[in-house]
Amino acid sequence: MQSYFNAAAYARASKDDADSSTIENQLDLIKGYAKSTQDIKIVSERSDNGFSGIDFLRPSFTEMIKDAEEGKINCIIVKDLSRLGRNYIEVGELMKDILPKLKVRLISVNDRYDSSTPKNDSDDIIIPFKNLLNEQYLRDISIKIRSNLNVKRKNGDFVAPHVPYGYMRDESNKHRLVIDERAAKIVRDIFSLKLQGMSQQKIADRLNDIGEPAPLEYKRKQGINFSTSFQRNDRALWSAVAVKRILSNPVYVGTLVQGKETTPNYKVKKRIMKPDDEWNIIENTHESIIRKTDFETVSGLLHQDTRTPPKQDIVFPLSGMMFCGDCGNNIVRKKVGKYYYYVCATNKTGKGCTSHSFAANELETAIMETIAQQIATILDLEKCLDYIKNLPYQQLNMQKINEQIIDREKEIKDCERYKRSLYEDYKNGELSKEDFIAFGKDYTDRIDELTQATKILKQESELLFNENNAINKWIEHFKRYKNVSDLSRQLAVSLIKRVDVFEKKQITVVFRYQDKFETIQKLLQDLKMGD
């Protein structure tokens with residue numbers, strides 16, 4: 001029989017362990033204990049740093065058990081049983097079944113536990129109880145961490161482990177994102193290329209051709225230890241998936257979307273997707289890289305089914321945006337001889353409708369002229385708004401609008417008071433049940449009408465005179481293209497929602513922000529009539 005035990009010193013520290021539980025301190029304690037004995041020789045030191053004790057899926061722990069199975073060690077020493085693990089069932093099985101079968105001695109220094117010493121009745125109570133407390137500690141920590149992270153998400157703090165491409169952590173506040181200009185330039189290029197009509201795959205190919213590091217490769221060059229299951233090559237490359245991930249991420253307009261996934265509890269690591277209404281979505285948490293209008297336009301493009309023509313990198317300017325005004329199917333491009341035409345897809349496939357044929361250059365010219373007219377109208381509208389803002393308060397009839405709001409709100413209160421008095425009249429026998437119900441319904445309907453009217457009046461006032469309103473933003477969006485004379489893909493997708501093509505070369509162009517445009521037109525007309 002050998003005179004000593006070949007022991008493995010095992011230490012574990014989670015991310016949240018205090019200094020007293022660091023790997024070095026644990027190993028020093030274990031080695032000091034071994035020196036005080038006559039029958040123990042430490043032959044290996046194993047440690048898992050940054051690992052939870054909820055299970056045994058730890059690299060060094062796995063290697064240590066393998067050493068035990070191969071007979072390289074026959075003793076394991078830990079600082080305390082919580083370092084071995086915090087799962088009550090698994091630790092109990094390890095101590096009572098696995099290690100005894102392997103004939104491995106287990107020593108927990110601080111718990112004064114040694115599996116080689118004779119057991120007493122208290123051991124069967126105290127040791128399982130300690131293991132239970134260790135698991136309860138893990139549960140409590142998990143609850144506190146979840147609660148803390150949830151509060152931070154609601155406050156707009158960035159709590160994800162990895163920073164989105166294009167950003168980096170603020171040196172003075174690790175929970176705040178700041179722009180990484182080097183990567184942000186590529187993000188802007190990706191959005192610009194998409195707006196120009198380039199597909200996700202073409203954008204990825206272009207970035208790879210010019211040797212631009214993909215997000216994973218970029219992080220590696222910065223010394224960030226990051227890996228992903230999406231990687232298939234030694235050197236990470238741009239892919240259509242990576243490009244689309246950037247194009248669809250609202251982080252680039254200053255919005256944080258967090259808390260999309262969770263785990264059922266602290267014991268289960270498998271992540272599950274939470275319902276959309278449970279996500280933490282906070283706007284304006286950091287500086288944006290992309291204009292919100294451009295992001296919204298790209299979001300619409302990602303839902304369109306457009307294909308790049310053969311031997312070309314970008315789609316045609318109006319691809320996926322034109323529809324037959326009669327059957328609703330797509331209007332598609334068709335080549336006849338050396339000329340191109342737009343025709344109804346239903347008619348082209350021989351399934352009915354009429355051709356709605358329109359020479360490509362004529363249709364594109366007509367649409368460009370319509371765009372120019374819309375921009376000119378909006379510029380005139382902007383001048384009117386600027387003029388109105390500089391007029392005296394009384395000339396705008398704002399006092400009248402405010403008085404109307406006050407009158408509506410007063411009438412609402414009166415109706416509510418009258419409605420409450422109906423019950424007293426009914427209870428005193430002054431009002432029949434039928435009249436009580438009828439009058440109550442009349443007052444309810446009137447309150448609803450007045451509430452809606454008040455809402456409209458307030459919207460009109462806000463739309464015209466709130467400097468922080470979105471009016472200026474969408475007008476600026478159109479102004480960006482006031483000097484453009486050619487119909488490009490970027491121009492089309494930025495300003496147009498759809499084009500309906502009818503017979504006899506009649507078209508209807510539906511512009512973006514059409515509802516806001518019509519609202520302002522109506523308000524200006526109402527103000528003019530009120531003068």
Side-chain angles (χ1 to χ4, degrees), residues 2-117 123 126-142 145 161 223 225 266 269:
Q2 65 182 21
S3 59
Y4 57 86
F5 285 87
N6 291 324
Y10 179 74
R12 180 187 64 81
S14 67
K15 294 179 181 178
D16 303 298
D17 278 328
D19 291 341
S20 60
S21 297
T22 58
I23 297 295
E24 293 79 5
N25 288 341
Q26 292 177 50
L27 293 177
D28 287 343
L29 177 71
I30 294 169
K31 286 184 284 188
Y33 172 83
K35 287 181 181 179
S36 68
T37 66
Q38 301 295 323
D39 60 344
I40 297 176
K41 176 183 178 183
I42 295 179
V43 296
S44 67
E45 295 180 9
R46 301 290 188 182
S47 61
D48 288 306
N49 199 359
F51 284 85
S52 167
I54 190 57
D55 56 38
F56 292 144
L57 299 178
R58 302 169 231 147
S60 289
F61 182 88
T62 302
E63 292 173 1
M64 180 175 66
I65 296 300
K66 184 179 179 182
D67 287 346
E69 292 172 343
E70 295 176 352
K72 295 179 180 179
I73 62 170
N74 56 3
C75 180
I76 295 174
I77 308 177
V78 293
K79 173 194 170 187
D80 58 56
L81 293 175
S82 70
R83 299 304 92 195
L84 197 63
R86 291 188 181 276
N87 188 307
Y88 172 73
I89 295 176
E90 288 193 357
V91 173
E93 183 181 2
L94 180 74
M95 295 175 63
K96 291 184 177 182
D97 186 23
I98 298 175
L99 294 184
K101 285 182 179 179
L102 293 174
K103 297 182 180 180
V104 173
R105 178 183 178 185
L106 175 63
I107 298 173
S108 175
V109 179
N110 286 354
D111 294 314
R112 296 182 180 180
Y113 173 80
D114 188 339
S115 63
S116 67
T117 60
D123 287 338
I126 295 175
I127 297 303
F129 181 67
K130 285 187 175 181
N131 288 335
L132 190 60
L133 288 179
N134 287 333
E135 179 167 330
Q136 184 63 30
Y137 171 82
L138 185 63
R139 176 181 176 276
D140 291 343
I141 288 294
S142 175
I145 291 175
N225 184 18
Y266 68 100
K269 290 186 176 181

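Position 1 is the first residue of the sequence, and the numbers go up from there.
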Review point. Between CZ of Arg46 and CD1 of Ile73, what distance do you get to the nearest 0.5 Å?
Key: 8.0 Å

Review point. Side-chain contact, heavy-atom cut-off 4.5 Å: Phe56 with Val91?
Key: yes

Check your understanding: Rounded to the nearest 0.5 Å, what separation is found between the CD1 atom of Ile65 and the CD atom of Glu70?
Key -> 12.0 Å

Check your understanding: Does Ser60 use its side chain to pair, donor to acceptor, with the backbone of Ser47 at less than 3.5 Å?
Key -> yes

Check your understanding: Any donor and acceptor pair, going by atom type alone, linking the side chain of Gln26 with main-chain N or O of Tyr10 inside 3.5 Å?
Key -> no

Practice item. Check whether the side chains of Asp114 and Thr117 place a donor and an acceptor atom closer than 3.5 Å, and report yes or no. Key: no

Exercise for review: Quick one: pull up CG in Leu84 and NZ in Lys79 and give me the separation to the nearest 0.5 Å.
Suggested key: 14.0 Å

Check your understanding: Roughly how far, to the nearest 0.5 Å, is the CD1 atom of Ile30 from the CD1 atom of Ile107?
Key -> 10.0 Å

Point to revise | Side-chain donor-acceptor contact under 3.5 Å, Arg105 with Ser115 | key: no

Check your understanding: Does Arg12 reach the side chain of Arg86, with side-chain heavy atoms less than 4.5 Å apart?
Key -> yes

Review point. Side chain of Asp48, backbone of Ala11: donor and acceptor closer than 3.5 Å?
Key: no

Point to revise | side-chain contact (heavy atoms from CB on, under 4.5 Å), paired with Val104, selected from Ile98, Ile76, Leu94 | key: Ile76

**Study point:** Approximate separation, where rounding is to 0.5 Å, of Glu63 CD and Lys72 NZ
**Key:** 10.0 Å

Review point. How many angstroms lie between atom CZ of Arg83 and atom CG of Asp111, to the nearest 0.5 angstrom?
Key: 11.0 Å

Review point. Asn6 side chain to Val43 main-chain N or O, any donor-acceptor pair under 3.5 Å?
Key: no

Exercise for review: Determine, stepwise, if the pair Leu29 / Asn25 fulfils side-chain contact (heavy atoms from CB on, under 4.5 Å).
Suggested key: CA-CA 6 Å; Leu29 177 71; Asn25 288 341; over 6 Å; no

Review point. Does the side-chain contact (heavy atoms from CB on, under 4.5 Å) test come out yes or no for Tyr113 and Met95, once each step is laid out?
Key: CA-CA 11 Å; Tyr113 173 80; Met95 295 175 63; 3.6 Å; yes

Exercise for review: Give the intermediate values and the outcome of side-chain contact (heavy atoms from CB on, under 4.5 Å) for residues Lys41 and Phe5.
Suggested key: CA-CA 6 Å; Lys41 176 183 178 183; Phe5 285 87; over 6 Å; no

Review point. Would you say the side-chain atoms of Asp80 pair up with the backbone N or O of Ser82, donor to acceptor, closer than 3.5 Å?
Key: yes

Exercise for review: Test side-chain contact (heavy atoms from CB on, under 4.5 Å) on Ile77 and Lys31 and set out the steps.
Suggested key: CA-CA 9 Å; Ile77 308 177; Lys31 286 184 284 188; over 6 Å; no

